[in-house]
Chemist: 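What follows is a single structure, and I will ask about it in a moment.
Just so you know, these numbers come straight off a predicted model, no measurement behind them.
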Amino acid sequence: MSYELAAFWAFATVTVLAALGVILSRNPVHAVLSLVLAFFSTACLWLLLQAEFLGVVLVLVYIGAVMVLFLFVVMMLDINTTPLREGFTRYLPLTGAVVVVMAAEMVMLIGGKRFEVGLSATDPAAAAGKTNLQWIGETLFSQYILPFEIAAVILTVALVVAVMLTLRRRPGTKHQDPGRQVAVRRDDRVRLVKVASEPRQEGNP
């Protein structure tokens with residue numbers, strides 16, 4: 001077994017296990033840590049396949065913004081965050097394990113040992129005489145335009161559902177009525193009051 005194949009199976013195994021941790025974990029913090037590991041392992045797979053642009057974008061965009069996304073989800077779903085903030089040190093073992101796995105993947109990917117067999121001979125971008133970014137763009141918007149559009153529709157539906165979750169009515173909580181906010185008139189919000197001025201007395205400036 002070549003070094004590239006062993007690295008591929010290692011990254012793929014970690015990605016699958018981390019993805020299972022995302023959907024099976026009941027703790028939101030454990031789920032987001034597993035999601036970070038899944039994204040990072042997927043980025044390693046892209047780099048292994050010489051798709052450097054996709055790997056870098058996955059690290060910068062998704063891993064860099066996943067914690068912000070997690071905070072937004074917590075706020076929208078009204079999850080009780082008090083137990084999550086208590087005893088923060090209990091998450092250190094899992095966090096340390098994620099860091100160790102990510103460091104091991106980096107060592108496997110860009111460590112001292114180089115790949116035994118390069119992928120340049122089978123690189124479609126190099127075979128077409130184009131850069132990696134140019135080949136990805138042309139292929140994505142030509143051969144895979146239908147899956148790309150389907151993914152856009154799925155993400156749009158997910159966004160709409162997230163907004164609907166924030167607008168659901170629950171007893172004992174304040175909520176907004178967008179229809180009434182849009183239909184508001186100036187007379188309902190602002191009232192102009194004319195104040196009569198007092199007559200000036202003699203001797204006062």
Chemist: Look at the side-chain heavy atoms of Ile, Leu, Val, Met, Phe, Trp and Tyr, link any pair under 4.5 Å apart, and say whether Val36 and Val57 land in one connected group.
Modeler: yes
Chemist: With rounding to the nearest 0.5 Å, note down the distance linking CD1 in Ile154 to CD in Glu149.
Modeler: 12.0 Å
Chemist: Are Trp9 and Leu47 joined in one hydrophobic group, where the rule is that I, L, V, M, F, W and Y side chains link up if heavy atoms are under 4.5 Å apart?
Modeler: yes
Chemist: Where do Val22 and Leu35 come nearest, in terms of heavy atoms and distance?
Modeler: CG2-N, 3.3 Å
Chemist: To the nearest 0.5 Å, what is the distance between CZ (Phe148) and CD1 (Ile150)?
Modeler: 12.0 Å
Chemist: Look up atom CG in Leu20 and atom OG1 in Thr15, then write down how far apart they are to the nearest 0.5 Å.
Modeler: 11.0 Å
Chemist: Report whether Val61 and Val59 are members of the same hydrophobic cluster (ILVMFWY, side-chain heavy atoms less than 4.5 Å apart, transitive linking).
Modeler: yes
Chemist: Can you tell me how far apart CG (Leu37) and OG1 (Thr42) are? Round to the nearest 0.5 Å.
Modeler: 9.0 Å
Chemist: So which heavy atom on Leu58 is nearest to which on Trp46, and how close?
Modeler: CD2-CD1, 4.1 Å
Chemist: Find the distance between CD1 (Ile136) and CD (Glu138) and round it off to the nearest 0.5 Å.
Modeler: 11.0 Å
Chemist: Restricting to non-hydrogen atoms, name the atom on Ala43 and the atom on Gly55 that form the minimum distance, rounded to 0.1 Å.
Modeler: CB-O, 3.6 Å
Chemist: Can you name the closest pair of heavy atoms from Ala12 and Leu45 and give their distance?
Modeler: N-CD2, 4.1 Å
Chemist: If two hydrophobic side chains count as joined below 4.5 Å and joins carry through other members, does Phe11 share a cluster with Leu5?
Modeler: yes
Chemist: When clusters are formed by joining ILVMFWY residues with side-chain heavy atoms under 4.5 Å apart, either directly or through shared neighbours, do Leu60 and Phe53 land in the same one?
Modeler: no
Chemist: To check you understand the geometry: which heavy-atom pair defines the closest contact between Ser41 and Val14, and what is its length?
Modeler: OG-CG1, 3.2 Å
